[in-house]
S.K.: 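Here's a structure for you.
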Amino acid sequence: MVVEREISIDDVLTYVRRNLFGGVLCLAIGIELAIAVSLVLPKWYKSDTVLDIQSRYFRNPLVSDLVSEVTDPTELKSQRAALIQRALHQDFLDELGEKFDLFESSPGTRKRRIERNELLKNIEFHSLGATSFRLSARATSSKTALKLTEEVLDQVSHIIIAARYGGLLRAQMAIQSQVEFLAKTLQDLGRVREVEQLRGRLKSVQEKVRGMSARFTKEHPDLIALKKESMELSQQLKRSSDQSTIFDVDLDARAFTHSESETPIQD
């Protein structure tokens with residue numbers, strides 16, 4: 001059975017007056033506790049900065065026409081985050097903690113691992129968009145928080161630059177290797193043409209030697225000159241054949257000897 005009762009303004013005022021002292025007392029106690037806690041607990045300061053990694057960082061103009069580039073924004077964002085995580089490695093955290101006296105334990109101990117993990121928790125990075133990240137560091141001192149942020153930013157920038165330089169260097173080495181291979185192939189192609197010309201010239205001289213041998217004695221001066229020329233051509237042919245590597249079993253080298261490959265080889 002539900003009993004309905006009307007409450008008037010006088011009833012409300014009577015209730016408030018009756019419990020006013022208790023409410024004020026509770027409020028005062030709460031304020032005092034909050035002040036006490038704020039005085040007892042250590043203060044924490046947070047410093048942050050914004051790092052922007054543009055999409056052109058991942059582009060390589062040297063090989064962009066030959067090798068497809070990553071254009072998916074999600075994958076590029078993951079690569080940016082991976083670069084930042086790569087910068088916050090164990091050695092850097094140990095160096096950072098020792099530099100600012102944040103560690104109390106000795107290196108290699110279990111407590112040092114715990115302290116390192118706590119330091120890592122105080123270093124945060126959050127995505128602000130497709131290309132930007134907010135780096136922040138927390139510390140019990142405002143100066144320490146600022147210095148930590150600066151050190152983290154320098155470390156991340158160093159890793160990003162080193163990774164970029166390494167990628168460009170690998171591309172340069174690959175292109176240089178290919179150019180050297182093409183240069184050697186072109187050189188061999190030149191020797192092949194030289195060998196073919198020597199063979200044709202030698203065949204012609206040998207035919208003349210056979211023709212003159214049927215009509216003249218071996219002491220004939222023209223016949224002697226032709227035999228000498230034939231011997232010199234044979235020696236040149238042997239030297240050119242020995243110097244050429246175009247007849248090796250390298251399938252890639254054989255591909256470049258095809259007549260239709262001369263134009264792209266020159267390019």
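Atom set for the values below is all heavy atoms of this structure, side chains included, hydrogens, waters and symmetry mates excluded.
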S.K.: Between Glu124 and Arg138, does any side-chain N to carboxylate O distance fall below 4.0 Å?
M.R.: no
S.K.: For Ala81, what residues pass the side chain to side chain contact (heavy atoms under 4.5 Å, CB included) criterion, not counting sequence neighbours?
M.R.: Phe125, Phe133
S.K.: Excluding sequence neighbours, so at least two apart, what forms salt bridge (Lys or Arg N to Asp or Glu O under 4.0 Å) with Lys203?
M.R.: none
S.K.: Taking Ser106's backbone N and O only, do any of them form a donor-acceptor pair with Thr109's side chain (distance below 3.5 Å, no angle check)?
M.R.: yes
S.K.: Does atom CD of Glu219 have more than 12 heavy-atom neighbours from other groups under 6.0 Å away?
M.R.: yes
S.K.: Tell me every residue that passes side chain to side chain contact (heavy atoms under 4.5 Å, CB included) with Thr144, counting only those two or more places apart in sequence or in another chain.
M.R.: Phe100, Ala139, Ser141, Leu148
S.K.: Under the rule for side chain to side chain contact (heavy atoms under 4.5 Å, CB included), what residues qualify as partners of Lys99, not counting sequence neighbours?
M.R.: Glu151
S.K.: Apply side-chain hydrogen bond (donor to acceptor under 3.5 Å, both in side chains) to Glu98 and list each qualifying residue two or more places apart in sequence or on a separate chain.
M.R.: Arg112
S.K.: side-chain hydrogen bond (donor to acceptor under 3.5 Å, both in side chains) with His158: which residues, sequence neighbours excluded?
M.R.: none
S.K.: Among Lys111, Glu115, Arg110, Arg113, find the residue that satisfies the side-chain hydrogen bond (donor to acceptor under 3.5 Å, both in side chains) test when tested with Ser105.
M.R.: Glu115
S.K.: Quick one: side chains of residues 90-97, donor-acceptor pairs under 3.5 Å with protein atoms, not counting sequence neighbours, listed by atom name and distance.
M.R.:
from	atom 1	to	atom 2	distance (Å)
Asp94	OD1	Arg116	NE	2.9
Asp94	OD1	Arg116	NH2	3.4
Asp94	OD2	Arg116	NH2	3.4

S.K.: Restricting to side chain to side chain contact (heavy atoms under 4.5 Å, CB included), what partner residues turn up for Ser157, sequence neighbours left out?
M.R.: Leu153
S.K.: Members other than Leu169 in its cluster, when Ile, Leu, Val, Met, Phe, Trp, Tyr link by side-chain heavy atoms under 4.5 Å?
M.R.: Tyr165, Met173
S.K.: Among residues at least two apart in sequence or on other chains, which ones pass salt bridge (Lys or Arg N to Asp or Glu O under 4.0 Å) with Arg86?
M.R.: none
S.K.: Heavy atoms, side chains only, cut-off 4.5 Å: are Leu51 and Ile160 in contact?
M.R.: yes
S.K.: Mind checking what makes side-chain hydrogen bond (donor to acceptor under 3.5 Å, both in side chains) contact with Lys143, not counting sequence neighbours?
M.R.: none
S.K.: With sequence neighbours left out, write down each residue that passes side-chain hydrogen bond (donor to acceptor under 3.5 Å, both in side chains) with Ser136, or none if nothing qualifies.
M.R.: none
